[in-house]
Amino acid sequence: MKWNSHASAKAFIFIALVLTALPVFAQVQKKQQTIMLEPVNVTATRSERSNQEIPHAISQFDRYPQQQFQPGVTIDEFARSTPGVFFQNQNNFAQDLRISIRGFGARSAFGVRGIQMYVDGIPQTLPDGQTQLDSIDPSLIDRMEIVRGPMASLYGNASGGLISISTRKAPQERFMASPRQVFGQYGLFKSELFAGGSYDQFDYTLFGSHLQQNGWRDHSNVQNYFSQARMNFKVGNDSDLMLIFRKFYSPESKDPGGLTREQARNDPGRASSRNIQFNAGEEVNQEQMGIRFRKRPTANQELSVTAHMLHRDFQNRLPFFDGGQVRFDRLVGGVAVQYRHDHRLFDRPNRLIIGLDYGIQNDDRQRFDNNDGKRGALTLNQIERVQNVGPFLRNEWRMHDKLDLVIGGRWDWLHFQAKDAYLSDGDQSGDKTFSQGSGTAGLVYHLNQQHQIYTNIATIFETPTSTELINNPTGRGGFNTGLKPQTSLSQELGVRGLIKEFQYESALFYIYSWDEILPFELPEAPGRAFFRNAGESSRLGVETRMATPEWHGLRGEASYSYSDFRFEKYTIDNANLKNNVFPGIPEHRWEGLLRYAHPFGFYGQFHVQHVGTFFVDDSNSITNNAYTLGQLLFGWEKRFSWLEGGIFAGINNLFDERYNANTRINAAFGRYFEPGAPINIFGGIRIRITPF
């Protein structure tokens, strides 16, 4: 592994800081024997486990009252103050929310990349590694777990980590209905209805929402509809069944495009002239269903089988003529089988998890010329198929009263196939197969019941997605034959625990990657992302977070992320970019969150985030300015017998900061920036009815 002196010096300092803190923890161990840390279980590691036993950095968020007062527009509302996780692009629904974990995912031109995502145990990440976030409504989230760091040994084909979401549970009452209405500036209008109930062996939830927003920039309006039905059946004393159905429909989602620095400074509310000329935007119609069956033949065994299907009809218009309109009809299916066995190994507790994931994706894709927003001549017609098979194993062993050992491995086999049906320019049919193993080993040392030190090492394997492969810079169909998978080696050291009911966590990591996949644009196709491999790169980072106990209704959180991410070997057009900093990721970022709840029903929350300066191109010639954002929200709720009601209001961009909500990495013609909205307000009303 390559480790330059610059990285070594910083790593030494951070490791020294961590190690010098250990005597403090030892003293705490002596003084606080009676304090018990409440057990918090997570399921992101394929089975329910205490957070204290997992050698990974994990952030957990449960729904709390102030969540009722958020607009419910993007999922970052639920994950405030998460170190190591950077959200961008909350305003452009045609490009989707951009999420990066430890820098992985920042390259994504649309959707989420480099991160595996699950909702209610159903994968939202496609077999090729791409994730679209439009299939989950933020107001429906009940719990979120974010694993920061590689989980490829369990889930495959992802470098950054995992986001696991659970939707709202069924109420204890036989029937409950809760409508919510949100409104705000720039035409924000969102209607929601959540309903559900519980019986002896059965419970259900229903949810529907409609969102429309004009957007503060020109040509940025959006409208969509979302619905979900989930049913849980207890089919025996030792087994249960879950059925889930989701529908998403977006008849309109405009893309205002990126601006140059001068345009963003002088007229930030404008849209790119090309995006208006070519009517850039998209329409989506998607259905998904999933089924999960779990059986526990004995108290220490569990078998689960999950199956899912997805259909997506997608059309979009890009801001250029040649092949600037895309349409595909997508079918996705998958099955996951998993077995867990708790037993004793050398007379010590041991948990073994083995399983197999299989997924298949079939895209019927066409490209047409974009005649100023109208569909022109056919330029590409091909069937793209991806199959992914991934057997995995994980073993968690309490090898000593204070020491846990976790090892895991997975082998991923992915087959990409393109069948060309547009033969006037020749037959570009072809196929590519990628296969490689991923492994991890981790230790957790329990200083006492309140404090743990953990470490892990992992190898990572991540392939290009179908879109990255078929976006061919040569302008032809088929695959970009020069694009290779990226691989990484990750090392991490962390501490976490409880000091006088103050929760804390800190993690130091170093990740070295080969063939990092990065986006770029061509002048003849602005707005369309192509991809290439960087030679080698490194990531050195620190993540810290602290949360206070509740005091007279007050509770606070603060987090800080330091990121030193650099190219170690990268040459473009004879330019040596060694030691250049990764674009799209700030070196320094901190967040603070303060919540308040009064016994009379008054609630409030203040959130502040500072994002440091970062580059927007590989050559490090253009920077995005630092900015500080604030959000203030408050509300009041009151219950009267079977009726509960509440009103709320909030202010976004509290300090009226001039900032860019999104940056387009390596964009053509200097169109890197998508300005964010100035100070704006929102509000709403919520009712909860339990007549029975």
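Because only heavy atoms are used, hydrogens play no part in the values below, and waters and symmetry mates are left out as well, while side chains stay in. Numbers here simply count residues along the sequence, with the first being 1.
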What's the spacing between [X] [atom1] and [Y] [atom2] if we round to 0.5 Å?
| X | Y | atom1 | atom2 | value |
| --- | --- | --- | --- | --- |
| Leu378 | Arg367 | CG | CZ | 11.5 Å |
| Ile99 | Asp76 | CD1 | CG | 8.0 Å |
| Gln361 | Asp363 | CD | CG | 4.5 Å |
| His415 | Ile360 | NE2 | CD1 | 10.0 Å |

Under 3.5 Å side-chain donor-acceptor pair for [X] and [Y]:
| X | Y | result |
| --- | --- | --- |
| Gln428 | Tyr422 | no |
| Asn381 | Gln366 | yes |
| Asp128 | Ser466 | yes |
| Glu516 | Ser537 | yes |
| Asn456 | Glu492 | yes |
| Thr131 | Gln124 | no |
| Asn395 | Asn350 | yes |
| Glu252 | Asn221 | yes |
| Ser139 | Glu192 | yes |
| Gln436 | Asp412 | no |
| Ser159 | Gln486 | yes |

Does the Thr440 side chain pair with the main chain of Ile407, one donor and one acceptor, at a distance under 3.5 Å? no

Would you call [X] and [Y] a salt bridge, using N to O less than 4.0 angstrom?
| X | Y | answer |
| --- | --- | --- |
| Glu384 | Lys419 | no |
| Arg63 | Asp142 | no |
| Lys190 | Asp137 | yes |

Would you mind reporting whether [Y] and [X] have side-chain heavy atoms less than 4.5 Å apart?
| X | Y | result |
| --- | --- | --- |
| Val42 | Gln60 | yes |
| Gln116 | Ile163 | no |
| Phe248 | Asn285 | no |
| Ser513 | Thr487 | no |
| Val284 | Tyr249 | no |
| Ile353 | Leu393 | no |
| Pro127 | Gln387 | no |
| Ile141 | Arg143 | no |

With sequence neighbours excluded, what pairs up with Phe293 under the ring pair (Phe, Tyr, Trp, His ring centres under 6.0 Å) test? none

Partner set under side-chain hydrogen bond (donor to acceptor under 3.5 Å, both in side chains) for Arg168, not counting sequence neighbours: none

Residues forming a side-chain hydrogen bond (donor to acceptor under 3.5 Å, both in side chains) with Thr43, sequence neighbours excluded: none

Residue of the set Asn388, Thr465, Thr463 for which side-chain contact (heavy atoms from CB on, under 4.5 Å) holds with Phe416: Thr463

Apply side chain to side chain donor-acceptor pair (under 3.5 Å) to Arg292 and Ser304, showing your working. CA-CA 7 Å; Arg292 183 191 66 197; Ser304 67; over 6 Å; no

Start with the C-alpha gap between Arg113 and Glu468, add the side-chain angles, then the distance that decides, and say whether salt bridge (Lys or Arg N to Asp or Glu O under 4.0 Å) holds. CA-CA 11 Å; Arg113 190 68 186 94; Glu468 292 169 353; 3.2 Å; yes

Check whether Phe104 forms a cation-pi arrangement with Arg539 (NZ or CZ under 6.0 Å from the six-membered ring centre, at most 45° off the ring normal). yes

Cationic tip of Arg410 within the cone over Phe461's six-membered ring, i.e. under 6.0 Å and within 45° of the normal? no

Would you list the pairs meeting ring-ring contact (aromatic ring centres under 6.0 Å, His included) in which at least one residue belongs to residues 135-171, sequence neighbours left out? Tyr118-Tyr155

Taking the six-membered ring where the residue is Trp, are the ring centres of Phe202 and Phe233 under 6.0 Å apart? yes

Checking salt bridge (Lys or Arg N to Asp or Glu O under 4.0 Å) between Arg296 and each of Asp240, Asp238, Asp342, which is the one that passes? Asp240

Could you give the side-chain donor-acceptor pairs of residues 305-318 under 3.5 Å, partners two or more places apart or in another chain?
residue : atom : partner : partner atom : Å
His311  : ND1  : Glu287  : OE1          : 2.9
His311  : NE2  : Asp329  : OD1          : 2.9
Arg312  : NH1  : Asp134  : OD1          : 3.2
Arg312  : NH1  : Asp134  : OD2          : 3.4
Arg312  : NH1  : Gln286  : OE1          : 2.5
Arg312  : NH2  : Asp134  : OD2          : 3.0
Gln315  : OE1  : Arg375  : NH2          : 3.0
Arg317  : NE   : Asn279  : O            : 2.6
Arg317  : NH1  : Glu283  : OE1          : 3.2
Arg317  : NH1  : Glu283  : OE2          : 3.0
Arg317  : NH2  : Asn279  : O            : 3.4
Arg317  : NH2  : Glu283  : OE2          : 3.1

Contacts satisfying side chain to side chain donor-acceptor pair (under 3.5 Å) that involve residues 222-231 (not counting sequence neighbours) are Asp120-Arg230, Thr167-Gln228, Thr167-Arg230, His210-Gln223, Gln223-Tyr225, Gln228-Arg246

